[in-house]
Protein chains: 2
Amino acid sequence: MQRGEQSAGIGTLVKDHPPTAVGRALTDGRLHSLGEIGLQQFAPYLMNRIIGRYNATIRDDLKARNLTTPQMRALAVLAVADGLTINELAVYTVTEQSTMSRTLDAMEAQGLVRRESHQTDNRVRQIYLTEAGRAQFDEMWPTIWNAFSTMFRGVSDAEYETFLSVLHKMLRNVRQHEI
Amino acid sequence: MQRGEQSAGIGTLVKDHPPTAVGRALTDGRLHSLGEIGLQQFAPYLMNRIIGRYNATIRDDLKARNLTTPQMRALAVLAVADGLTINELAVYTVTEQSTMSRTLDAMEAQGLVRRESHQTDNRVRQIYLTEAGRAQFDEMWPTIWNAFSTMFRGVSDAEYETFLSVLHKMLRNVRQHEI
């Protein structure tokens, strides 16, 4: 066996547990072991591996543009929902509020976003993309689109629909914010 | 409007794009805008939000046990696939190899894992859980199980099965390792 090759232990990871058994395990109210489920049927493991790779791919591509992940996410969210508060942006971009606050300071200095007081409550500040910010997003979007469409290659419309509806249920189950 | 409440801009985020249209967008070979897709139908956004919350919940619960996320993941993977190499553990736990190497040093010092040379190639070192390591995993597993079953509340067997099969396709599309 060469360094980096698979060891003998790996066989147990790909054991083909029937997925429906895991579905039942989830609904029978008992605690099941990870061995019973099998790592390949344990969705959080798969999700961490997939989304870790997806994020890394985009991060590498954006390094050339000197954009951080929170900046990229802020641009993307504002591109479809201008006028959010810092709180909302922090939730949507899955970023600590203090990090998002620093991120927006930097983006404002770069001329990518501007902040305006809310029309009827000037304690609330809303964040908007500038033209330069929108141009920056338009430039990086093909990179994100490419990672997204590569990731879902071979997935049918119907499968994507079910996949999304499960994600929506999951988000309702875990989120701490009503947004 | 109070601080932290939703701003007017949020409406555009929850616009109900039909998911099948996104499925078609993925397969028609053209580049579509994020506005066309809608953030709520853009799976990577949902996956980042969900898995970020799931990981944070478990991390918070494990702080009391003085376990880091890489340690927790190494325990979980070894609990179902003993005898892996560092390379393999780094891939399965979605951890940089240098971080996994330091993590294993600490876990060895704590008596949670032991390393053994491979039977036929003593350049390869395999990692095994000790009894104390397995006991540590058994203690923390209910926390993980709880986060897992909460996240999938209300998801049927059939939905979980489709969800898993899409995740398996996605992993094949994005992974850089044949494991």
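All of these numbers come straight from a predicted model, not from anything done at the bench. Just the heavy atoms: all of them, side chains too, but no hydrogens, waters or symmetry mates, feed the values below. First the proteins, then the strands, lettered A, B, ... as listed; each starts at 1.
Annotation for B/Glu96: atom CD does not count as buried by contact number, only 12 or fewer foreign heavy atoms lying within 6.0 Å.
Put simply, of B/Val94, B/Asn146, B/Ile144, the one with the most heavy-atom pairs under 4.5 Å next to chain A is B/Val94. The candidate with the highest count of non-hydrogen atom pairs below 4.5 Å against chain A, out of B/Arg172, B/Glu159, B/Arg53, is B/Arg53.
Across A/Val174, A/Leu167, A/Leu171, a single residue satisfies side chain to side chain contact (heavy atoms under 4.5 Å, CB included) together with B/Arg49, and that is A/Leu171. The residue from B/Tyr54, B/Phe148, B/Trp145 that alone fulfils the ring-ring contact (aromatic ring centres under 6.0 Å, His included) condition with A/Phe42 is B/Phe148.
Proximity to chain A is limited to the side chain of B/Ser165, based on heavy atoms less than 4.5 angstrom apart. With a threshold of 4.5 angstrom between heavy atoms, B/Ala43 approaches chain A through its backbone and through its side chain. Proximity to chain B (any heavy atom under 4.5 Å) is restricted, for A/Asn55, to the side chain, taken from C-beta onward. Residue contact with chain B, scored on non-hydrogen atoms closer than 4.5 Å, involves the side chain of A/Arg73 exclusively. Both the backbone and the side chain of A/Arg153 come within less than 4.5 Å of a heavy atom of chain B. Within the 4.5 angstrom heavy-atom criterion, atoms from both the backbone and the side chain of B/Ser149 approach chain A. Within the 4.5 angstrom heavy-atom criterion, atoms from both the backbone and the side chain of A/Ala76 approach chain B.
At least one donor-acceptor pair closer than 3.5 Å links the side chain of A/Trp141 to the backbone N or O of B/His32.
What you find for A/Gln41 and B/Tyr160 is that their closest heavy atoms are O-OH, 2.7 Å.
To the nearest 0.5 Å, atom CG of residue A/Leu46 and atom CZ of residue B/Arg175 are 10.5 Å apart.
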